[in-house]
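In what follows, a single structure is set out as structure tokens and then discussed.
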Amino acid sequence: MPSEAKAPFNNANADIILCSSDNVYFRVFRCMLALASPFFEGMFDLPQQRRNRSNGEMFDGLDVIQVSENSRTLDMLLRFCYPAAVKDPGLEDMNDVEEVLEAAMKYGMEDVEERVRKAMIAPSLLESNPVHILAIACRFGLKPEARTAARYSLHHTAPTHDTLSAARLPNNVIQGLVAYRLKCSQAARTLCDNLDWLEQSQTHSFYEWWTNCCPCNSKADVRYLTHGTYPREWWADYMDETSIALEESPSGTALTKNLAKAVARANSCPSCRRRAQDQMVHFTETFARELDRVIAEITLDIAI
């Protein structure tokens with residue numbers, strides 16, 4: 001015996017039933033389905049007699065339409081179709097995203113597809129599993145989402161080949177992602193090695209470490225020179241550590257990895273510690289903007 005779906009898909013006034021693959025009945029309204037889906041609109045336009053020949057099942061005097069989606073996927077799909085009074089489902093599981101997106105495309109639900117695509121690139125999903133989002137985007141040919149997911153994958157250390165294969169990424173996509181990551185790492189390392197992107201007015205504002213006349217015990221360091229001045233040793237140490245971090249994860253998150261350690265070192269000097277915290281935060285923000293600009297110019301070369 002089929003079970004009934006939970007509200008609002010158990011409405012006694014509904015005029016048609018969708019039966020999920022796991023035998024759950026969803027009582028819905030033809031008009032809502034027709035508005036959301038040209039697939040169902042075309043089905044409902046068929047003469048009643050022809051529909052009955054193709055599927056004679058009925059329940060409580062209502063036509064029953066069998067669908068291939070399970071009840072979980074169907075529930076989420078239908079909630080996207082219903083009025084604002086019915087809250088959109090929270091797509092927080094990768095499998096839910098993939099199943100609902102596939103169903104929306106299958107039934108031609110363009111509005112639902114657009115909203116699912118928007119949900120799949122929410123930072124909460126991308127930060128937790130960008131490789132899985134990339135795999136979904138590649139499966140359905142979603143190039144903007146694929147580029148966004150690849151960019152977010154830089155926030156993590158490089159995934160292994162086994163991880164990429166387990167995500168069902170095609171070989172050409174794996175190769176393209178590896179090449180993209182290498183280019184981004186090289187671009188980030190270049191920013192560390194060559195500080196010309198820092199304007200002179202900015203280096204002057206970071207005077208606590210850029211000027212070589214600070215009275216602290218941390219001497220001026222010859223590893224980094226810009227606009228004719230050397231930074232303090234503790235700042236040069238921070239840059240060396242950050243350069244390594246950027247090779248592993250070429251993104252703004254790597255810039256703050258060693259920030260607290262750098263400020264702690266600066267605090268040993270009465271002069272540096274007066275503004276080290278604020279100035280280092282300012283510097284990392286400036287660095288992050290430049291890194292974002294450079295990486296945005298790097299293309300993800302994959303065919304999907």
Indicate whether any N or O donor in one side chain lies under 3.5 Å from an N or O acceptor in the other, for [X] and [Y].
X: E113; Y: Y107; value: no
X: S68; Y: K106; value: yes
X: N70; Y: T73; value: yes

With respect to F26, which candidate in F9, F59, Y82 satisfies the ring-ring contact (aromatic ring centres under 6.0 Å, His included) definition?
->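 Result for ring-ring contact (aromatic ring centres under 6.0 Å, His included) with F26: F9.
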
Salt bridge check: are E114 and R117 linked by an N-O gap of less than 4.0 Å?
->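 Judged by the 4.0 Å cut-off on N to carboxylate O distance, E114 and R117 do not form a salt bridge.
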
Salt bridge between R151 and D292, side-chain N to carboxylate O under 4.0 Å?
->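 Salt bridge flag = yes for D292 with R151.
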
Just jot down the salt bridge (charged side-chain N to carboxylate O under 4.0 Å, His left out) partners of [X], sequence neighbours excluded, or say none.
X: E92; value: none
X: K261; value: E241
X: D60; value: R27
X: D22; value: none

With [X] via side chain to side chain contact (heavy atoms under 4.5 Å, CB included) - residues at least two apart:
X: A187; result: V294, I298
X: D15; result: F29, R30
X: D96; result: R72, M76, L91, D93
X: F140; result: E98, L101, E102, M105, I136, L142

In chain order, what residues pass the ring pair (Phe, Tyr, Trp, His ring centres under 6.0 Å) check against [X], with sequence neighbours excluded?
X: F287; value: W197, F283
X: F80; value: none
X: Y180; value: none
X: H156; value: none

Candidates L35, V28, L18, I16 - the one meeting side chain to side chain contact (heavy atoms under 4.5 Å, CB included) with F40 =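 Single pass found, and it is L18.
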
